[in-house]
2 protein chains.
Amino acid sequence: MDVRKVERISKALSDPSRILILQQLREKEDCLYCHEISDFIDLTQPSISHHVKQLSDADLIFVVKEGRNVKYKLNSCILDEYVGFLNTLKG
Amino acid sequence: MDVRKVERISKALSDPSRILILQQLREKEDCLYCHEISDFIDLTQPSISHHVKQLSDADLIFVVKEGRNVKYKLNSCILDEYVGFLNTLKG
DNA sequence: CCAATACATTGATAGATTTCAATGTATTTA
DNA sequence: TAAATACATTGAAATCTATCAATGTATTGG
């Protein structure tokens, strides 16, 4: 995993709303619908959309269209790669 | 590890200069002197000082004064805790 | 003790990020 | 096909971050 990628993932993980989204994603069995996010995050819909985009740009989540809904799924592979990089830092 | 902590560590890891410092810290057997950092990062001394502070504020490195020099050491425990948190996201 | 060295802090500026209101786009339902 | 729903995008304002020049603070050497 190159430095640019690490940078983008780290940035995506550096916001409390986005961390919360990932945590709730686990609670909900790795699958969340967009409108469910507003139940636990007190932000407007565009703000939530923005945060979700940061997460998907970092490949931390998959975005799956389902009719007029959108489903988000955790990409645990990329988390594993990220953790792998962090472990290399320990030498 | 609480969300604030995860946030701060992630933010510290979201800059290429700071990632490079951590990588070089491993190369140099987990111990770097401040003036050595300017050998591989093309920034002024205050900028480097700023980045080092972000890393130490996130507890990613220990700062050890040695006379008029300062030595930086990796805090691998906090990296382990951070990785531990990331693994909980996978459910 | 004075000059030099090593690093930190301050102040300023440019650029990035977060947020919301407004608007756009695709999809479904009536 | 018109209205409603679900989400994305745009534009703008406020805040945060990265950077450098200048300055401050210890510490060491002469």
Side-chain angles (χ1 to χ4, degrees), chain A residues 3-25 28 30-75, chain B residues 3-25 28 30-75:
Chain A
V3 173
R4 300 281 292 180
K5 187 87 188 165
V6 172
E7 200 185 325
R8 204 165 335 139
I9 293 175
S10 301
K11 196 159 292 177
L13 291 170
S14 72
D15 179 278
S17 299
R18 295 194 290 262
I19 294 172
L20 191 50
I21 290 172
L22 293 179
Q23 284 178 322
Q24 291 291 318
L25 214 48
K28 301 280 184 179
D30 294 341
C31 177
L32 255 186
Y33 288 92
C34 189
H35 65 272
E36 295 181 289
I37 295 177
S38 60
D39 292 344
F40 59 84
I41 292 188
D42 191 26
L43 288 176
T44 60
Q45 178 266 319
S47 296
I48 292 174
S49 188
H50 162 74
H51 287 304
V52 162
K53 186 161 168 43
Q54 301 306 105
L55 290 171
S56 80
D57 282 354
D59 296 323
L60 281 165
I61 60 176
F62 297 116
V63 176
V64 183
K65 264 203 110 173
E66 276 191 346
R68 67 181 156 185
N69 292 344
V70 177
K71 191 170 69 176
Y72 304 114
K73 285 179 71 59
L74 183 73
N75 180 1
Chain B
V3 173
R4 300 281 291 180
K5 188 87 187 164
V6 171
E7 199 187 326
R8 204 165 335 140
I9 293 175
S10 300
K11 196 159 290 176
L13 290 170
S14 70
D15 180 277
S17 298
R18 294 194 290 262
I19 294 173
L20 191 50
I21 290 171
L22 293 179
Q23 285 177 321
Q24 290 292 317
L25 214 48
K28 299 280 184 178
D30 295 340
C31 177
L32 256 185
Y33 289 91
C34 189
H35 66 273
E36 295 180 289
I37 295 178
S38 60
D39 292 344
F40 59 84
I41 292 187
D42 191 26
L43 289 176
T44 60
Q45 178 266 318
S47 295
I48 291 173
S49 189
H50 162 75
H51 286 304
V52 161
K53 186 162 169 44
Q54 302 306 106
L55 290 171
S56 79
D57 282 354
D59 296 322
L60 281 165
I61 59 175
F62 296 116
V63 176
V64 183
K65 264 204 110 171
E66 277 192 346
R68 67 182 155 183
N69 293 345
V70 177
K71 190 170 70 176
Y72 304 114
K73 285 180 71 62
L74 183 74
N75 179 2

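Small disclaimer: the values here were computed from a predicted structure and weren't measured. To find a chain, count down the sequence lines: A is the first, B the second, and so on, and within it residues start at 1.
- Along DNA chain C, the nucleotide closest to A/Lys65 and the one closest to A/Asp42 are compared, and the more 5′ of them pairs with A/Asp42.
- For A/Thr44, whose side chain is taken as the heavy atoms from C-beta onward, the closest listed nucleotide among C/dT9, D/dC20, C/dA21 is C/dA21.
- Residue A/Ser49 is the one, among B/Gly67 and A/Ser49, whose nearest nucleotide of DNA chain D lies closer to the 5' end (criterion: closest heavy atom).
- Nearest nucleotide to the B/Tyr72 side chain, out of C/dA8, D/dT19, D/dC7: C/dA8.
- Proximity of B/His35 to the phosphate of C/dA6: no side-chain N or O atom is located under 4.0 Å from OP1 or OP2.
- You'll find that the side chain of A/Pro46 is closest to C/dA21, out of C/dC7, C/dA21, D/dT27.
- For A/Ser47, no side-chain nitrogen or oxygen approaches OP1 or OP2 of C/dT18 to under 4.0 Å.
- In this structure, A/Ile48 reaches neither bases nor backbone, as no heavy-atom distance under 4.0 Å exists between it and the strands shown.
- Closest approach to the A/Asn69 side chain among C/dT9, D/dA6, C/dT19 is made by D/dA6 (side chain taken as heavy atoms from C-beta onward).
- Atom CG of A/Asp15 and atom C1' of C/dA16 are 14 Å apart (whole Å).
- Among the protein residues, B/His51 comes within range of the sugar-phosphate backbone only, with heavy atoms under 4.0 Å from sugar or phosphate atoms but none that close to a base.
- Taking atom CZ of A/Arg68 as the reference point, atom P of D/dC7 lies 10 Å away to the nearest angstrom.
- Residue-to-nucleotide contacts include no donor-acceptor pair under 3.5 Å from the side chain of B/Gln45 to the base of C/dA6.
- The one candidate from A/Lys28, A/Glu66, A/Lys71 that meets the side-chain hydrogen bond (donor to acceptor under 3.5 Å, both in side chains) condition with A/Tyr33 is A/Glu66.
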